[in-house]
2 protein chains.
Amino acid sequence: MESSDARRANRAAVLGHLLALGAATRVAIGRATGLSKATVSRVVDELMHDGLVREGGPMSGGGPGRQALALRLAGEDRVVCGVDLGGTHTRFLVTDLGGRVRAWARESTPHDRDAAGIAAWLAGHIGALTGDTAPSATAIGLPGAVHPGTGAVRTVPNLPQLEGTALREALDGLLTGVLAFDNDVNAALRGEVTAGAARGHGTAVLVAAGTGLGAAVHLDGRPLPGRTGGVGEFGVLPHGAGTLEDAISGGGMVRRARERGHAVGDAAEIFAAAANGAGTGLRAVLDEAREALGVLLTAVTVAYEPEVVVLGGGVAPAFGPWLPGLRAALAEVTPRPPLLRPSALGDPAGAIGSWVTALQAVYQGMDVALPDLGGVATTVLKHLTKEDPHVPASPA
Amino acid sequence: MESSDARRANRAAVLGHLLALGAATRVAIGRATGLSKATVSRVVDELMHDGLVREGGPMSGGGPGRQALALRLAGEDRVVCGVDLGGTHTRFLVTDLGGRVRAWARESTPHDRDAAGIAAWLAGHIGALTGDTAPSATAIGLPGAVHPGTGAVRTVPNLPQLEGTALREALDGLLTGVLAFDNDVNAALRGEVTAGAARGHGTAVLVAAGTGLGAAVHLDGRPLPGRTGGVGEFGVLPHGAGTLEDAISGGGMVRRARERGHAVGDAAEIFAAAANGAGTGLRAVLDEAREALGVLLTAVTVAYEPEVVVLGGGVAPAFGPWLPGLRAALAEVTPRPPLLRPSALGDPAGAIGSWVTALQAVYQGMDVALPDLGGVATTVLKHLTKEDPHVPASPA
DNA sequence: GCAATTTGTTTCAGGGTGAAACCAAAGGGG
DNA sequence: CCCCTTTGGTTTCACCCTGAAACAAATTGC
């Protein structure tokens, strides 16, 4: 494996184009990478010797001339797993390295168990979905700040038992392959950037308003993790008597409504009641939320000058009617305001983002840059939204 | 010049160490870069053939053995110029490529001239300071947002005639060499990162409170320019009845004091009067400023999780007594708050930062990464603060 | 003057590449 | 049916770059 510098780069280029194209001939790879036929042949020989590439049958070429042999990545039976571990629900997504969905599931999170119990539960479901082929990489998004270096978890209001490194330690013994953790909002943004509302934009922000309030940031195509994973916690900024999180998040809005004497169950009720001409108290809560959202978007805009800001999370769909007004407000603050869009992936965004992370980990282990996953991810999304909830793992 | 890939890298490595060490022998370069003697000799031959390196006299080596020949960068007579073009004063700094100060000056900005007039004035001073050796690169920091791609200038409240590309176009005809523009706060942060309060920190923020309010950001050692150069305009965030800029900047504080009926000339008077037990009106202005500064620092912290936040600008020294309280407030918001420090370079920070930019441009033209300038920059700073204001250009 | 020591150059083997010559296999026309 | 054309893949060769080692050069100390 200890190849020279040039060799590593060429191996990576060949593998990358093979991943992107699925199957290709040697000359096609040469044309695509700019390498000579000789070099491609040599590199492919080496890769086949290493067991990373295998020769498939003849390619269905139309014209005259010798029939080309298709090359494919060996080990397409390897799979990766993306998990979105939420406070109430957890999504699992298993695909092979080519992005073909093998299985997926959506389950209620057993939030009353301790870290080891949740780890066992996760490992059990992953095992059931992957069958006999253990995933080469598993990425898990969870509702807390994840330290980029150590992977330690902090600030998990919904699942406080996951604080620290307990989950990682327990899962390390239960799963093989690479194991990666990330904040759930970061994961969701990765999903939106790959195949959703931020597709094609290198600099994007996801504002996630659910029970709490969070934001994730991509700059020039790369996530901005921060020193301790706490980037984007704009919710702590003061606003009025409280904070932005108090005003915008579902939890905060419900609290405020109750303080004003309105017995509401969740944020959706507030929006619904206000639409039906309910009392001024609820309307005031919404006015405050809209105003605070404007402040948040302004802060995000001046902080990063993103090309697009995606509004996600459980409360976000209710923000729809405010978008024109918010866009106008942003245009007054900056000459080139960001695009303001609702989430395109919705709830599965986090699982898709984690799945991308897992794929990335595998590709990185092969020294290959991640190819564009947009098309594949869109297919994956269709699986997750249209088909039957449970797809049992089936051998190829 | 069309060397291969490996050759380019080795040329860059050799040039880089030559720049960092000033003068060195072939073997010393080999030890420092990890290259073999043979390779260093070959690369040096090529560089001498290209006229980039020349052989100096014998090196003063003590021990026995053959006397080593010193290698120096040819064209050490080349100079670069950094300029901080402010609303009232302008600083010029000229050094050779080794960082030795050739000349510097501090002049009143002729703010009543148009863009062409200011360009002519700048070119005149630069010409006087550089004499017959035209600068290889000139970098100019100015109080406005500079578009990273086009170099177009926007939002220059102090010097509105510089809006657009007029200054660049006028100067292009008057100066030879590379010409770079940047926001003055960005330049000052570059200075602080190179040799000031943010030295050694890859992720740093400079909050500049002067007539206006601005911020500049470095992430992982690189500036964050944003799409249109507008990153860091946190002053537009609403706070109380106005904005953060209204509350924190010198201009805003004076305006607020006058609204309350106090005839003050500048922000310093407000601080002085309050210290002498003046009326509650001025005290309220200061209380609001302190509170707004806390909000600003919180926003900066959650946006970037910087290792250090530097407070600069004309008003910043007055913030000194507030630092302990601000640190405590930040510690409540985040588990690992950034360091909070006053500017170490003060007013010359912008000129030093622009000078670093100019040096960088020259090095980049030679495919060389900028070596650590900390030591050199500290020497430069001593010149700018201790010696006589005017050092006429003197030939070596 | 001669050994010791350090600097710089030359030589040589090794790894890597692309261009081109060279086999191999398919289709098509007389 | 044979041969020609066309395309895919391999082998050969010249070239570039590097590091290790042998070698030449210069300087100190005895």
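Just so it is clear, the structure is predicted and the values come from calculations on it, not from any experiment. Letters A, B, ... are given to chains in the order of the sequence lines, protein chains preceding strands, and every chain is numbered from 1.
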Of the listed C:dA19, D:dG19, D:dT27, the closest approach to the B:A38 side chain comes from D:dG19
Judged by atom type as modelled, is there a donor-acceptor pair below 3.5 Å linking the side chain of A:S41 to the main-chain atoms of A:A38?
no
The answer to which of B:L35 and A:R42 contacts DNA chain D further toward the 5' end, by nearest nucleotide, is A:R42
Comparing B:K37 with A:E55, nearest DNA chain D nucleotide closer to 5' gives the residue A:E55
Grab the CZ-C1' distance between B:R8 and D:dC16 for me, whole Å please.
16 Å
Please confirm whether the shortest side-chain N or O distance from A:N10 to OP1 or OP2 of C:dT17 is below 4.0 Å.
yes
Between C:dT17 (P) and A:D45 (CG): distance, integer Å:
13 Å
4.5 Å side-chain heavy-atom contact, B:R42 and B:N10:
no
Under-4.0 Å side-chain N/O to phosphate OP1/OP2 contact, B:S41 with C:dG8:
no
Taking the side chain as every heavy atom from C-beta outward, state whether B:V362 and B:R78 have any pair of such atoms under 4.5 Å apart.
yes
To the nearest angstrom, how far is A:E46 atom CD from C:dG15 atom P?
12 Å
B:E55 and B:R26: which non-hydrogen atoms are nearest, and at how many Å?
OE2-NH2, 2.9 Å
What parts of residues 23-31 of chain B reach DNA chain D, counting only heavy atoms under 4.0 Å away?
none
Considering only side-chain heavy atoms of B:Q67, which listed nucleotide, C:dT9, D:dT10, D:dT27, is closest?
D:dT27
Please check if the side chain of A:H147 supplies one atom and the backbone of A:T150 the other of a donor-acceptor pair under 3.5 Å.
yes
Distance (rounded to the nearest 0.5 Å) between B:E307 CD and B:T203 OG1
5.0 Å
Let me confirm one number: the CG-OG1 distance from B:L381 to B:T194, rounded to the nearest 0.5 Å.
11.5 Å
Find the distance between CE (B:M48) and CD (B:E46) and round it off to the nearest 0.5 Å.
11.5 Å
So does B:R66 reach the base of C:dT6 with its side chain, donor to acceptor, closer than 3.5 Å?
no
When you measure from the side chain of B:R7, which nucleotide among C:dG18, C:dT17, D:dT18 comes out closest?
D:dT18
So how far is it from A:K37 NZ to A:L35 CG, rounded to the nearest 0.5 Å?
13.5 Å
Find the bend of the helix from C:dG1-D:dC30 to C:dG30-D:dC1 as the angle between its two terminal axes (five pairs each), to the nearest 10°.
30°
